[in-house]
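For ligands, and for the atoms within them, numbers begin at 1 and follow the listed sequence.
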Amino acid sequence: MKFNIINLPKVDSTNGFAQQQIKYNGLREGDVIFTLNQEDGRGQGSNRWESEQGCNLLISIILEPYKIAASRQFVLTQLVSLAIAELILVYLENNGCSHDVKIKWPNDIYVDDKKIAGILFQNFIKGSVIEHSIVGIGINLNQRKFLLGAPNPISMINLINKTTDIQVFLHRLLQLIDVNYKKYSCKDNFKEIESKYIAKLFRYNVWANYFDDKGPFAGKIIDVDEYGRLIMERKDGTIKVVMFGDIGFVS
Ligand code: BTN
């Protein structure tokens, strides 16, 4: 894919900007909204995304994944989160850091038990086709302190103790996403990406504490199905199928 970087000196939210432009048919696959100064970044649900000016990677990539059926849109989550996790691991390893990089379901990127990156997908679906996908990515690179009360943020600089070149990181990330996108848009490869995703899953196959609308419970993540639902086992052996937003992880 040919990426076309649209560099905005300042914006409320790269996802918000992309959403506006898409309404007027102004963006195409491969367009990447980039900024160093996002003033009102959006996170999942009603969360905000904190980013100190000039410090972090903040982008929204436009995809037109017509090969992926809307019912299988979770493949996008899998391929993007794996690309991010892979690149973060490369940076850590190249700097002699032996931390574990994991994906906390569905698409938070964790180093050990702290969040280094988040993704906000907005998929525009018509019938069974995903017409556009806005893939909003925030990766904490050079910000040392987080002030807005996110539960457990961490940044590359906290881990490797040196500055990361945001442009170099961006181009390497786009390359990895492109490779994954080409390969895993094809349904013959869905099984492969599913198992790669499971292999990187935070708290996979271990008992841990969670809560849902009925209160706390002990559970074990045993799978993620093709629709992106988390499959958990309870202590009494029963199975719980979880949609995004239905449970919280207790740290
Ligand atoms: C989350 O984990 O809550 C998702 C965070 C996504 C943040 C990125 S930063 C670039 C893009 N623009 C936004 O407003 N949000 C996403």
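- Residue I59 has at least one heavy-atom neighbour below 4.0 Å for each of these atoms of ligand 1: 10 (C), 11 (C).
- Taking each of E50, Q38, K104 in turn, the one with a heavy atom nearest to atom 9 (S) of ligand 1 proves to be Q38.
- For ligand 1, the atoms sitting less than 4.0 Å from at least one non-hydrogen atom of G118 are 2 (O), 4 (C), 5 (C), 6 (C), numbered in the order shown with element in parentheses.
- Looking only at heavy atoms of the protein, atom 3 (O) of ligand 1 is closest to Q44 N, 2.7 Å.
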Test log, rule side chain to side chain contact (heavy atoms under 4.5 Å, CB included), inputs I116 and V101: CA-CA 9 Å; I116 190 166; V101 183; 5.7 Å; no
Trace of the salt bridge (charged side-chain N to carboxylate O under 4.0 Å, His left out) decision for R72 with E194: CA-CA 11 Å; R72 301 302 298 272; E194 276 164 26; 2.9 Å; yes
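- With values rounded to the nearest 0.5 angstrom, S13 atom OG is found 9.5 Å from L58 atom CG.
- In N107, neither the side chain nor the backbone holds a heavy atom less than 4.0 Å from any atom of ligand 1.
- Cation-pi geometry between K240 and F217 is met: the NZ or CZ atom falls under 6.0 Å from the ring centre, inside 45° of the normal.
- Residue K115 has at least one nitrogen or oxygen atom sitting less than 3.5 Å from a nitrogen or oxygen atom of ligand 1, judged on distance alone.
- In summary, the atoms of ligand 1 found under 4.0 Å from a heavy atom of G43, numbered by their order in the structure, are 1 (C), 3 (O), 4 (C), 5 (C).
- Each of the atoms 12 (N), 13 (C), 14 (O) of ligand 1 lies under 4.0 Å from some heavy atom of S13.
- The ligand atoms of ligand 1 that sit less than 4.0 angstrom from a heavy atom of R42 are 5 (C), 6 (C), 7 (C), 13 (C), 14 (O), 15 (N), 16 (C).
- Counting the atoms of ligand 1 from 1 in the order shown, those under 4.0 Å from a heavy atom of T14 are 10 (C), 11 (C), 12 (N).
- Ligand 1 lies out of reach of N47, whose nearest heavy atom is not under 4.0 Å from it.
- I88 and A117 get closest at one heavy-atom pair: CD1-CB, 4.4 Å.
- Environment of CE in M243: sparse, with no more than 12 heavy atoms of neighbouring residues, nucleotides or ligands closer than 6.0 Å.
- Residue L58 approaches ligand 1 through these ligand atoms, each under 4.0 Å from one of its heavy atoms: 9 (S).
- For W49, no nitrogen or oxygen atom sits less than 3.5 Å from a nitrogen or oxygen atom of ligand 1, counting backbone and side chain alike.
- A cation-pi arrangement is found for R203 relative to Y210, the charged atom lying closer than 6.0 Å to the ring centre and inside a 45° cone about the ring normal.
- The distance from ligand 1 to the heavy atoms of G41 drops below 4.0 Å at these ligand atoms: 14 (O).
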Derivation of the side chain to side chain contact (heavy atoms under 4.5 Å, CB included) call for L57 and L173: CA-CA 10 Å; L57 183 83; L173 180 65; 3.8 Å; yes
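- Note: F244 and W105 have perpendicular aromatic rings, judged against thresholds of 30 and 60 degrees for the angle between ring planes.
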